[in-house]
Number of protein chains: 2
Amino acid sequence: MGDFAVAHRSTLDAAITAITTRTHFSAYPEMPSGKIYGETAKADAEAAFAALKGRRFDLGADGSWVGAETSPWGGALGVTYAAATPAALVARAEAARGDWAAAAPAQRAGVCLEILHRLNRDSFLMANAVTHTTGQAFVMAFQAGGPHAQDRGLEAVAYAIAEMSRIPGAVRWDKPAGREVLSIDKRFRIVPRGIALTIGCATFPTWNSYPGLFASLVAGNAAIVKPHPAAVLPLALTVRTARAVLADAGFAPDVVQLAPDTAEAPIAQELAQHPAIGIVDFTGGPSFGTWLRETLPRGKALFTEEAGINPVVLHSTHDVAGLCRNLAFSLALYSGQMCTAPQNIFLPAGGIATDQGMMTAGDVGAALVGALDALLSDPARAAGVLGAIADPATLARIAAARRLGRVLRDSTAIDGLPEARTASPLLLDVTAADRAAWGEERFGPIAFLIRCADADEALSLAAHSAREKGAITALVHSTEAGFLARAEAAFAAAGVALSENLTGGLFVNQSAAFSDYHVSGANPAGNACLTDGAFVANRFHIAMSRRHAA
Amino acid sequence: MGDFAVAHRSTLDAAITAITTRTHFSAYPEMPSGKIYGETAKADAEAAFAALKGRRFDLGADGSWVGAETSPWGGALGVTYAAATPAALVARAEAARGDWAAAAPAQRAGVCLEILHRLNRDSFLMANAVTHTTGQAFVMAFQAGGPHAQDRGLEAVAYAIAEMSRIPGAVRWDKPAGREVLSIDKRFRIVPRGIALTIGCATFPTWNSYPGLFASLVAGNAAIVKPHPAAVLPLALTVRTARAVLADAGFAPDVVQLAPDTAEAPIAQELAQHPAIGIVDFTGGPSFGTWLRETLPRGKALFTEEAGINPVVLHSTHDVAGLCRNLAFSLALYSGQMCTAPQNIFLPAGGIATDQGMMTAGDVGAALVGALDALLSDPARAAGVLGAIADPATLARIAAARRLGRVLRDSTAIDGLPEARTASPLLLDVTAADRAAWGEERFGPIAFLIRCADADEALSLAAHSAREKGAITALVHSTEAGFLARAEAAFAAAGVALSENLTGGLFVNQSAAFSDYHVSGANPAGNACLTDGAFVANRFHIAMSRRHAA
């Protein structure tokens, strides 16, 4: 049973080091390459994915079979999953969790790393599942759905193991008491909270779920994974792998269960409120997030990632072409459906100083439109960048948004993909006064160029919006050290991860495991950081027993 | 300004080691000895205390002067304190906190350790203040109000520094990208939540407040300390010392403020709800605790220690005399007004096996009464153990409790102290069925001997009560390894710190800094452990900025 811990020990040790150094580290190769994953991996995965379609997905349990996933690229998946009531799910978790809770943290870590290892091996299959549920283009689906998500899961395991390692198992406490010594033997135990609920989202079902799921598991909790009805398959594959590893390690597979539901009969509320659920991890919209925050008793640990409006502040640049290329890619990537994608571009109405001289706001807008058009002119390349639109409601949101400002660049579908739901970025020209337009999250490929009185107002509006409405990332361009320092202070206070002067191969949307802290917990975009001590320390408690030493 | 950090560096390092080894450690001597604290320390402190009485307590601010403390030993203190509105307190904290938030954690730790150092130096004065607000006897007031509280404060500083030390200040992130390397410079900052509110209690105003107060301070937050109206002076002394050290270190004294109020016009609710308050630490009754948990938005970090009913389970013993002596002391110490004091003694109706043969429940009750009477027969010794009763309502509670069962031992005042409010333990004989009697917290010197069907029922009732109603400590006596193991499992699951077979110089009431985890956060006695990573990790967030390396 300890084999997995031994096999993955060096990976875990490296991850534990990496969470403190936060230099570059990755355990799972991000290149979808046959040289790494096997020359037949891509074709094998396509066949495996085809074999899943139109069938019941077997997780070893029966139930009412639900499932209505359709690919944003076209076509229904036809996969169904066995649904169970919250009470039945909880009863199974309660029956299964005893041995898992009693196992040593190192043993649980071994099992978690074996799960991640097998998920990594199967990353091409995951890429197919993510592509045809979320609409991500293949490379993103592979990376964000596979290795990057696995790295985030490993990071959470590392944090939780580091946290639990601070608690000694047994100590002798010798207190001088006059001429005598009071000798007490103390034993400390890690006690998991019980059952953790992970509520997945429709756009990054694995990347956003793995941190909470693996942190809860390694701390000894059982897990119930409630996927978004539109993106069940990626988490079903995850749960299938987890259950197989648990069984191989001698644990009850029901330590990890899938809890599929339907849009018509959702079960997340009932599950979250069940007294046996001690931890809830949620990624999704602020309406359900608000319900969770306001409804769940404080006795349940709750970690949310909700909505945000990510700002860009333009003050000045040495490389306006690079600025536009980089920002255009960030706006276009997965059609703005990343929680880290920018929406609001604040700049002085009078323009900004650039390497091409002063450019008015209109000039900057035109240059950005040019960069977007250049990036997206080839339909095949556009599809690889934009992907497809996960939710039909996003198309309606784009249509309504056209009235919110002067259209600098219209959103269009990608040519030649009639079955796919696609949309390129809509860019609107507004002023700082049009807060009704830019002051709300417009999820999807909708961005605003916002003319402000000056760069200081631009920064102030951006930081204020982040505090009030939430933001996960921000981007600033300035050639002045003083302005960058003010931006750093403003966004640090607002709890926003700031990128500066990006003109090359790094994009504001990217959040790298083991280095970038994801979400701060300090603004409405989420109540927790997914990658710090606070994210793991509350998933267990510490129990003590003590007696006089023999 | 860094002098304090240098001066206290070795103490901090030792504390950081101690929180992980959790063997015996203390930075502040617990003996109220002239050899340690100075031969005139006791007399000097009495004079200083006398000089405080009947006057305005100067903290550098004016306001409406409030204060109605009366000593449980007799007499009004006559000390008044400048009160301010929540808005004024918050405004001062906002104005003061910038430099403190910007200081390096190590510098803040130096200031916090200097505060603790000066508080330690003045422990005799604190002992007077604690004695004459809480009613604790002098030695307990010295230890729990002074060195033990200071150790708990240092422990919190150590946890917070250890947590912040995990976050690197700046890193170079070099990611291989084909033949190139993507080089990014990242900077990480600790950002405090803002202003922390500490709400003190009437019985252990310093011991229970210092962990949250010092954890918040060292993480860079400003602090507003709202004492219980019955025990203002100990926290006023604390705040005065903190402000003096802050000023000496070049910081604004308003980083730490006292917020006195009155029972007639309490301000804790308004303060806690103020949007600028990011952290609330509370020790006190469950009615206000429930209000905080149910009212404060999740965006505010909340740490509570509320009520609990601490159980004892008697299965068997090799030393019934030691059992009774030890338990009698735990019941009598500070008249049961400790959050760790036992209330409910569960035992088999048929009795327990002892070194003196089988003893019926009646025999055990008689032996316990005998041990209490022996302990308390001398009035001077009784006063030193029992102390005085902090709250007059406790006397009324004792009077009402006499009807809850058969009185095995009545509660009486201590002879010869007509001005003091004193009460020895009331011990009542009930059965497991009398849950209406023993199933509620009866704060003060009220205990129940509860006859159960057998030892397994005794254990089951005790653990169930802990889960349902909360408990911080439990005590079990058994000569059988199997029963002790079952008790360990049951109380670990219930989140209760278990002591086993105490017959000597350790008491279930005692919780030692740097070794015993205080409160688990896993049952209604409190929502947090005061001594773990989760207690500190959420008092700040992490902000990142990144740019291409030059």
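Remember, predicted model here, so these are calculated numbers, not experimental data.
Contact of A:Leu502 with chain B is made through backbone and side chain together, with heavy-atom distances under 4.5 Å. Of the atoms belonging to A:Asn523, not a single heavy atom falls under 4.5 Å from chain B. Interface remark: A:Lys175 contributes backbone and side-chain atoms alike to the contact with chain B (heavy atom separation under 4.5 Å). Proximity to chain B (any heavy atom under 4.5 Å) is restricted, for A:Thr21, to the backbone atoms N, CA, C and O. A:Asn501 touches chain B through its backbone: at least one of N, CA, C or O sits under 4.5 Å from a heavy atom, while the side chain does not. Proximity to chain B (any heavy atom under 4.5 Å) is shown, for A:Phe514, by neither the backbone nor the side chain. Both the backbone and the side chain of A:Arg166 come within contact range of chain B, each with at least one heavy atom under 4.5 Å from a heavy atom of that chain. Proximity to chain B (any heavy atom under 4.5 Å) is restricted, for A:Leu484, to the side chain, taken from C-beta onward. Proximity to chain B (any heavy atom under 4.5 Å) is shown, for A:Phe491, by neither the backbone nor the side chain. Using a 4.5 Å cut-off between heavy atoms, A:Ala493 contacts chain B through its backbone alone, with no side-chain atom that close. Only the side chain of A:Arg187 comes within contact range of chain B, with at least one heavy atom under 4.5 Å from a heavy atom of that chain. Heavy atoms closer than 4.5 Å to chain B are found in the side chain of A:Ile184, but not in its backbone. In this structure, chain B has no heavy atom under 4.5 Å from any part of A:Glu180.
Chain B forms the most heavy-atom pairs under 4.5 Å with one residue out of A:Leu182, A:Asp516, A:Asn527, A:Thr23, and that residue is A:Asp516. The residue among A:Ser165, A:Ala497, A:Ser515 with the most heavy atom pairs within less than 4.5 Å of chain B is A:Ser515. Taking chain B as the reference chain and counting heavy-atom pairs below 4.5 Å, the highest number among A:Ser545, A:Ala537, A:Ser26 is found for A:Ser545. Heavy-atom pairs under 4.5 Å with chain A were tallied for B:Ile167, B:Val191, B:Leu506; the largest tally goes to B:Leu506. Contact count against chain A (heavy-atom pairs under 4.5 Å) is highest for B:Leu498 among B:Val171, B:Val536, B:Leu498. The choice from A:Gln510, A:Arg539, A:Met31, A:Arg193 that makes the most heavy-atom pairs within less than 4.5 Å of chain B is A:Gln510.
Here the side chains of A:Asn310 and A:Val508 are not in contact, with every heavy-atom distance at 4.5 Å or above. Looking only at side-chain heavy atoms (C-beta outward), B:Leu530 and B:Phe303 stay at 4.5 Å or farther from each other.
Side chain of B:Gln143 to backbone of B:Glu30: a donor-acceptor contact under 3.5 angstrom is found. A donor-acceptor contact shorter than 3.5 Å links the side chain of A:Asn326 to the backbone of A:Gly504. Here the side chain of A:Asn509 pairs a donor or acceptor atom with the backbone of A:Ser330 at under 3.5 angstrom.
The stretch residues 468-476 of chain B places none of its residues near chain A, where near means some heavy atom under 4.5 Å from a heavy atom of that chain. Listed by sequence position, A:Arg293, A:Leu296, A:Pro297, A:Arg298, A:Lys300 are the residues of residues 292-300 of chain A in contact with chain B, using a 4.5 angstrom heavy-atom cutoff.
The ring of A:Phe535 has its center no closer than 6.0 angstrom to the ring center of A:Tyr159. For A:Phe188 and B:Tyr517, the distance between ring centers is under 6.0 angstrom.
The nearest pair of heavy atoms linking A:Gly526 to A:Val519 is CA-CG1, 4.1 Å. Smallest separation of non-hydrogen atoms from B:Asn221 and B:Gly194: OD1-N, 2.8 Å. Of all the heavy atoms in B:Ser520 and A:Ile542, the pair that sits closest is CB-O, 4.2 Å. Contact detail for A:Ala466 and A:Val496: the closest heavy-atom pair is CB-CG2, 3.6 Å.
Here the straight-line distance linking atom OG of B:Ser499 with atom CZ of A:Arg547 works out to 11.0 Å at 0.5 Å rounding. In this structure, CD in A:Glu163 is found 10.0 Å from CG in A:Asp532, a value given to the nearest 0.5 Å. Note that CE of A:Met544 is 9.5 Å distant from SG of B:Cys529, once rounded to the nearest 0.5 Å. A distance of 10.5 Å separates CZ of B:Phe288 from CD of B:Glu306, quoted to the nearest 0.5 Å.
When B:Arg546, B:Lys186, B:Arg189 are each tested for a salt bridge (charged side-chain N to carboxylate O under 4.0 Å, His left out) with A:Glu488, only one passes: B:Arg189.
Using a 30° and 60° split on the angle between ring planes, A:His315 and A:Phe483 fall in the parallel class, below 30°.
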Run the numbers on B:Val181 and A:His24 for side chain to side chain contact (heavy atoms under 4.5 Å, CB included), then give the verdict. CA-CA 11 Å; B:Val181 170; A:His24 177 70; over 6 Å; no
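A side-chain donor from one of B:Asp174 and B:Ser183 sits under 3.5 Å from a side-chain acceptor of the other.
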